[in-house]
K.L.:
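The structure under discussion is supplied below as structure tokens; questions concerning it will follow.
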There are 2 protein chains.
Amino acid sequence: MRTIRNTNAAMPGRHLTAQRRLLLDLIHSARGHIDAKELYRRASSQDASISLATVYRNLRLFQDLGLVDETRLGRTSHQYEPKRSAEHQHFVCTYCGRVIEFQTPLVDNVIERFQQEQGVKVTKTEFYLEGVCRQCGQRKEEG
Amino acid sequence: MRTIRNTNAAMPGRHLTAQRRLLLDLIHSARGHIDAKELYRRASSQDASISLATVYRNLRLFQDLGLVDETRLGRTSHQYEPKRSAEHQHFVCTYCGRVIEFQTPLVDNVIERFQQEQGVKVTKTEFYLEGVCRQCGQRKEEG
DNA sequence: TTAAGTGCAAAGGCTTTGCAGCATA
DNA sequence: TATGCTGCAAAGCCTTTGCACTTAA
């Protein structure tokens, strides 16, 4: 069980409330992605009085502080995960919802070139693939 | 003014209604991206009685028929555009909302390799960049 | 002590759906 | 003529917000 220490280095000038500690803990231990609803469900089981508004407010805050990354996967689902140093990308299986993360330097090349050619500054990248995972592909062939 | 011909080759077994013709026309002449609300606004100015439900129903239909592509840009906005043969990618300026489209074979390389390594089948790609466009970058420096 | 955070409930967007009437094939 | 489509209005989601109370610093 990962614990967030009691000092407030990550949120200068902010209150490190029990709710925030709980939410950060859950996001970290989710190992992968978690959406607001599921985060609320899990938080509720440990603190029955926590509200969905608090979940949303803090997800927004964590993003602003750079503690958490938001990713839009699939049609409308927003997923959250701890911030990482390396950019990484996502593949989502449209049959079972499985998420595969991957990372490739080619993406950095594309960005570098695009910035130079267009004179723009890229601050965020999202490379999203959708398709059929190995397992579901096999199941389809067999079935 | 691009016109969609009156036969129904694009939608076998479907009714090519006046509303659908109008919507397809507008999507094509939007030259770029358009979202449901704006599409509704423009459609209304030509057919005051068209309903938002019809817009949504048909956007869904057009996607299913492969006539139109949906792209999620920025936080929550869904954008629609005519289907194209070549995959292309998007950059969105977080200041002015400008959308720059680009295309690079590197993306295809990434997909090819990913499919082989993971044994998956990729059916959809979205490479989304966010940042500051040239114009807004200059404006920030000057201001 | 006091600014910041919380829960609650209500409101806001966007999108979908049930239904009765209408229009296309 | 018979299905499919439409408009309308209502409902469904997900997310945000106003307010009064609570709490961390």
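For the numbers below, each heavy atom of this structure counts, side chains included, while hydrogens, waters and symmetry mates do not. Chain letters run A, B, ... following the sequence lines, proteins first, then strands; residues in each count from 1.
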K.L.:
With a cut-off of 6.0 Å (strictly less than), are more than 12 heavy atoms of other residues, nucleotides or ligands near NZ of A:K37?
P.N.:
no

K.L.:
To the nearest Å, how far apart are A:Y56 OH and D:dC13 P?
P.N.:
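Interatomic distance, OH of A:Y56 to P of D:dC13: 13 Å.
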
K.L.:
According to side-chain hydrogen bond (donor to acceptor under 3.5 Å, both in side chains), does anything in residues 109-120 of chain B pair up with another residue at least two apart or in another chain? List the pairs.
P.N.:
B:E112-B:Q116

K.L.:
If you assign B:K37 and A:L52 each to the DNA chain C nucleotide with the nearest heavy atom, which residue ends up on the more 5' nucleotide?
P.N.:
A:L52

K.L.:
Would you say that B:H90 contacts B:H33 through its side chain, given a criterion of any heavy-atom pair below 4.5 Å between the two side chains?
P.N.:
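With C-beta onward as the side chain, the pair touches.
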
K.L.:
Mapping A:A18 and B:T17 onto DNA chain C by nearest heavy atom, which one lands closer to the 5' end?
P.N.:
A:A18

K.L.:
Would you mind telling me which of D:dT17, C:dG5, D:dG7 lies closest to the side-chain atoms of B:I50?
P.N.:
D:dG7

K.L.:
When rounded to the nearest 0.5 angstrom, what distance separates CG in B:D47 from CZ in B:R21?
P.N.:
11.5 Å

K.L.:
Give the rounded distance in Å between these two atoms: CG of A:L22 and P of C:dG5.
P.N.:
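Rounded to whole Å, this separation is 17 Å.
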
K.L.:
Just compare C:dT24, D:dG7, D:dT23 and give me whichever is closest to any side-chain atom of A:H15.
P.N.:
D:dT23

K.L.:
Identify, between A:A36 and A:R57, the residue whose nearest nucleotide on DNA chain D lies closer to the 5' end.
P.N.:
A:A36

K.L.:
Among the nucleotides D:dG7, C:dT6, D:dT6, which one has an atom lying closest to any side-chain atom of B:R20?
P.N.:
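It is D:dT6.
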
